[in-house]
Each structure stands twice: as structure tokens, then as C-alpha cells.
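For reference, the structure is listed below as C-alpha cells.
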Amino acid sequence: MSRTAKLGIAVAALVVLGVVAAAVWRGLHPPGRPVKVTVAREGIFEDKVLATGKVEPEKEIDVTSSIAAKLLRLLVQEGDRVKAGQPLAELDAGDLEDKVKSAEAALTVAEAELASLQNVRPEDLAQARADVKGAAEALKEVQAVAEAAQKKLERYRFLRAQGAVSAAELEAVETEAARSQAQVQAAEARLASAQARLQALANPDPQKIAVQEARVNQARIALQQAREQLAKTRITAPADGVVLQISPHEGDFLQPGALLLKLGDVNRVRVVAELSEQDLAGLAVGQQGEITWSAYYGEKWPAVVERLSPTVTRKTDQLSERVYKVYLRPEREGLIPGAWVDISIYRTPPHRAVLVPVESVFGTGQERFVMVVEKGITRKQKVVAGKSSELFTEIKEGLAPGTTVVLHPDQVKEGERVRPETTATAG
């Protein structure tokens, strides 16, 4: 046999042997079914909630009209800084000033009358006694005159009956007698009045004093109410702040409760955001946030979650969407009340970690696992999982970067031969 023939036989034998070996290997190692895998890698992990919020003053005060009146003058403009007690506007006082003056006069009279009842001066008492004495003497004089006039009238009536005097003469005497009698009645009234005043001064009536004291109190209340009504026409700032908004114009008629203007502190603002119910999990007071504003591209305002709404509410009466309010405090100035801003709230702050897709981790409680692939074989690997975001879970222990992990472990069994069909890198 030639050398060439021997070489051909050897080559053929080697080919046959290779084919047989390959067949035996395929029999012992059947091809795995394709599975999707990913590669764990180290990257930046964060879990944040994105929302839109509105900048509001930390403290906002509505200044309203408490009476129905026309707005005469506005004394401030939007953006003005004001101090507590500073005049802001004037309303038409109408007849309120006259009512104050009338109430002041009524109180003065009532107090004077009360003082006359409570405080009797010796000279007033002496004058009252003198007035009684004078009235009594005057009464005696007119009584004497009236008595003489009556006697004269009786005599003239007798003479008229005898025809000795005329009717005119009798009528004149009758008139004189009537006048004298009227003078007696007037003198008696003056004497009674003087005696009553002397009695009141010498022996004050407690009931009259009590009645007069009540009248004084009523007069004081009426004056206070009149002054309060007048004061309501001069609207002043209830606290320090900046005028954020002015609603009416000069000349407008305001009803009680009508908004005049809004005050607030532009240096102390907060951002109020409305989140959907599905974003509530993991939110807590004290978490860090970040605010951006389209008016200042590229700038960021660090913030802190200051307060969480205690309830979930409907966004509007017309919409069924339910929202949850979150209040953030910016940690530097520059945001203006009324501005709409974008916010990020970090449930987990950014940090480096080993990352795998959320769906690649399985198990419950503290028993968490991933399914790794080593030399085409799956193996259940216990891990210590940390936080999860919408896409990724951080692995604190049990998995090294670069490890191949089954993306959907529920589709394979441990120890199964697989063939990675599509490889995706976590993160």
C-alpha cells in the first residue's frame, strides 16, 4: 500500500472519530433552551419620585373687607414690602364719623348726669336750700296778691249785682284774679322742683344712680361700636410681608368678606406637589429632594420634605384621580411664589451599588435569590437585596459585578442547561 493511501485512510479515521466524539458529547450535553440573561454591574442606584409642584409662601394672609363700602384709595402696590400696622387701603367712611361724634356727645352727657347724682358738692347743697327758701318766699308773696285779688273780685261781683260797676270793670277784675291764681300755681311748681332737687342732693336715690350707671355703660358700648366701625374703613397690614396680589380697583364696591389683597413672605417659601397614590410608598419627612425651574435652566435648588398630607384627596370634583400632597422646603432662596417647578424626591439617595433588573430577583422576606448562569448551567444564588426602584434592585451582598443572571428566573429551574440568547447589561 502506498504512503498516500495510508495517509488518506488515517485522515478518514480521524474524521469519523471526530464525528463520533461530537455525537457522544451532544448526547451527554444536550443543547440548553434559550433564555434571556443580564449581567450584573456596578452603577449609580437611586429611587426617586418625579412630580410638578407650585411655589407658595410659607405663610400667606388674606386681607379682606369686613364692611360693605366703596374702596377709596389703595396705598400699596403688588411687590411692596409692608410692616405690621401699616395702612394698606381706605374705604368710604360715609356717616360713620358723624356717628362717632354723636356717640361721644351722648357719653359726655350721661357721665355728667351720673356725676351729679354721685358727687354732691357743699355749695350745690347750700344753693339748693337757698332755692327752696326763695321759692317759698316767692310763693307767699304771690299768695298774698292772689288773696287780695280774690277779695276784690268778690266785692266787684256784689257791686255788679247792685248795678254799681259795669260789666267791663268786673271782667278786668276777673282777669286780674285769674292771673294771680296762675302765678300761685307757677310758684308752687317752682317750690316743688326746688324741694325735689334738694331732696335728691341731700339723699341720693341708689336706684336712680344704678339706672344712670347703666345708661353710661350703654353710651360707652355705643361709642366703642361706632369707633370700631369707623376703624374698619382704614385697612392695615396684620403682619410683616410682601403684597403678593391685589384684587379690586379703586372705586369698586366691596362686600363684607371680599378679598382686598394677599400678603406673604417671599423669602420663606415652600413647594407643594401632588403625587399619585402609587408614588406614596417609601416617602417620609426629612427625605432629600431637588427642584428645577424652567426660568433658570441648569440651576437646582436642594430641598427637604417638610410635611406629608395626612389624607389622599380627589384632584378636582370633576376628576377621579386621587392625589397626595407633599410639602418641600427649599434650602436656598430664589424661587418666586406662584412659579411651577419640577421636583425629584429621593426615597433612596444616589449611591454606587451592584445592580440587577427588578424582575431577576425572587424570593420573599429576607430570603432573596437570583438565578446565575455558570458554564451554561443555572444556579440559585442567595443575595442580600437592598432598595428597588421601578427598574433595578441593588444587591448589597452575594453577587459580584459581571455575573450573568437570568432575567426571568421563574422560567427556568436550578441546574438546567440554558443557552443565553439575549444578553442585556443591568443599568
Side-chain angles (χ1 to χ4, degrees), residues 44-64 78-79 238-247 257-351 357-359 386-394:
I44 300 298
F45 176 79
E46 64 182 16
D47 179 21
K48 62 183 178 182
V49 177
L50 303 178
T52 300
K54 185 178 181 181
V55 181
E56 297 180 353
E58 190 173 280
K59 184 179 181 182
E60 189 172 282
I61 303 174
D62 288 346
V63 180
T64 60
E78 291 182 355
D240 295 352
V242 174
V243 180
L244 303 177
Q245 173 189 342
I246 296 178
S247 296
L259 178 65
L260 184 64
L261 52 84
K262 288 180 177 288
L263 289 180
D265 187 350
V266 296
N267 293 325
R268 299 184 63 185
V269 298
R270 64 185 181 185
V271 175
V272 183
E274 294 183 344
L275 307 183
S276 298
E277 283 186 84
Q278 58 264 30
D279 293 326
L280 299 186
L283 289 180
V285 173
Q287 288 176 334
Q288 297 296 312
E290 193 173 74
I291 300 170
T292 57
W293 184 15
S294 59
Y296 291 89
Y297 179 78
E299 286 202 44
K300 298 179 179 180
W301 281 261
V304 175
V305 175
E306 189 172 53
R307 185 160 60 91
L308 302 175
S309 174
T311 59
V312 176
T313 58
R314 292 180 64 179
K315 192 168 186 177
T316 66
D317 292 337
Q318 290 74 31
L319 298 177
S320 59
E321 181 184 0
R322 300 180 70 81
V323 296
Y324 184 74
K325 288 188 177 182
V326 179
Y327 301 82
L328 295 93
R329 184 185 71 253
E331 294 188 322
R332 72 179 182 91
E333 297 180 356
L335 296 175
I336 298 176
W340 287 93
V341 295
D342 295 318
I343 65 169
S344 301
I345 301 174
Y346 292 100
R347 291 182 287 206
T348 301
H351 63 281
V358 171
E359 58 267 34
K387 299 286 187 178
S388 294
S389 64
E390 292 182 359
L391 299 177
F392 301 104
T393 296
E394 63 171 331

* Before giving the answer on side-chain contact (heavy atoms from CB on, under 4.5 Å), spell out for Glu60 and Gln245 the whole-Å C-alpha distance, their side-chain angles and the decisive distance to 0.1 Å. => CA-CA 11 Å; Glu60 189 172 282; Gln245 173 189 342; over 6 Å; no

* Is a side-chain N or O of Glu58 found less than 3.5 angstrom from the main chain of Arg329, in a donor-acceptor match? -> no

* Asked: Which heavy atom of Ile291 sits nearest a heavy atom of Ala303, and at what distance?
  -> CD1-CB, 3.7 Å

* **From CG (Leu328) to CH2 (Trp301), nearest 0.5 Å** => 14.5 Å

* How many angstroms lie between CZ in Arg268 and NZ in Lys59, if you round to the nearest 0.5 Å? -> 9.0 Å

* To do: Using side-chain contact (heavy atoms from CB on, under 4.5 Å) as the criterion, point out the one residue from Glu46, Gln287, Lys48 that pairs with Arg347.
  => Gln287

* **Rounded distance (nearest 0.5 Å) linking atom CG of Asp342 with atom NZ of Lys300** => 12.0 Å

* Asked: Nearest heavy-atom pair of Ala284 and Leu308: which atoms, and what distance?
  -> CA-CD1, 4.0 Å

* **Approximate separation, where rounding is to 0.5 Å, of Tyr324 OH and Glu274 CD** => 13.0 Å

* Asked: Do the side chain of Glu78 and the main chain of Ile246 share a donor and acceptor less than 3.5 angstrom apart?
  -> yes

* **By salt bridge (Lys or Arg N to Asp or Glu O under 4.0 Å) - contacts of Glu299 (at least two apart)** => Arg332

* What closest approach, in Å, do Pro330 and Leu335 show between heavy atoms, and which atom pair accounts for it? -> CG-CD1, 3.7 Å

* Taking side-chain contact (heavy atoms from CB on, under 4.5 Å) as the test, write out the residues that go with Ala339, two or more places apart. => Val55, Trp293

* To do: Locate the shortest heavy-atom distance separating Ser247 from Leu259; write the atom from each residue and the value.
  => OG-CD2, 3.4 Å

* Under a 4.5 Å cut-off applied to non-hydrogen side-chain atoms, are Leu263 and Val242 in contact? -> no

* To do: Flag this pair as yes if the NZ/CZ of Arg270 is under 6.0 angstrom from the six-membered ring centre of Tyr327 and inside a 45 degree cone about the axis; otherwise no.
  => no

* What distance do Leu275 atom CG and Ile345 atom CD1 have between them, rounded to the nearest 0.5 Å? -> 5.5 Å

* Asked: At what distance, to the nearest 0.5 angstrom, does CD1 of Ile343 lie from CG of Leu50?
  -> 9.0 Å

* Do the side chain of Ser389 and the main chain of Phe392 share a donor and acceptor less than 3.5 angstrom apart? -> yes

* Counting N and O atoms only, with roles assigned by atom type, does the side chain of Glu394 sit under 3.5 Å from a partner on the main chain of Lys387, one being a donor and the other an acceptor? -> yes

* To do: Report, as yes or no, whether the 6.0 Å neighbourhood of atom CD on Glu390 holds more than 12 heavy atoms from other residues, nucleotides or ligands.
  => no

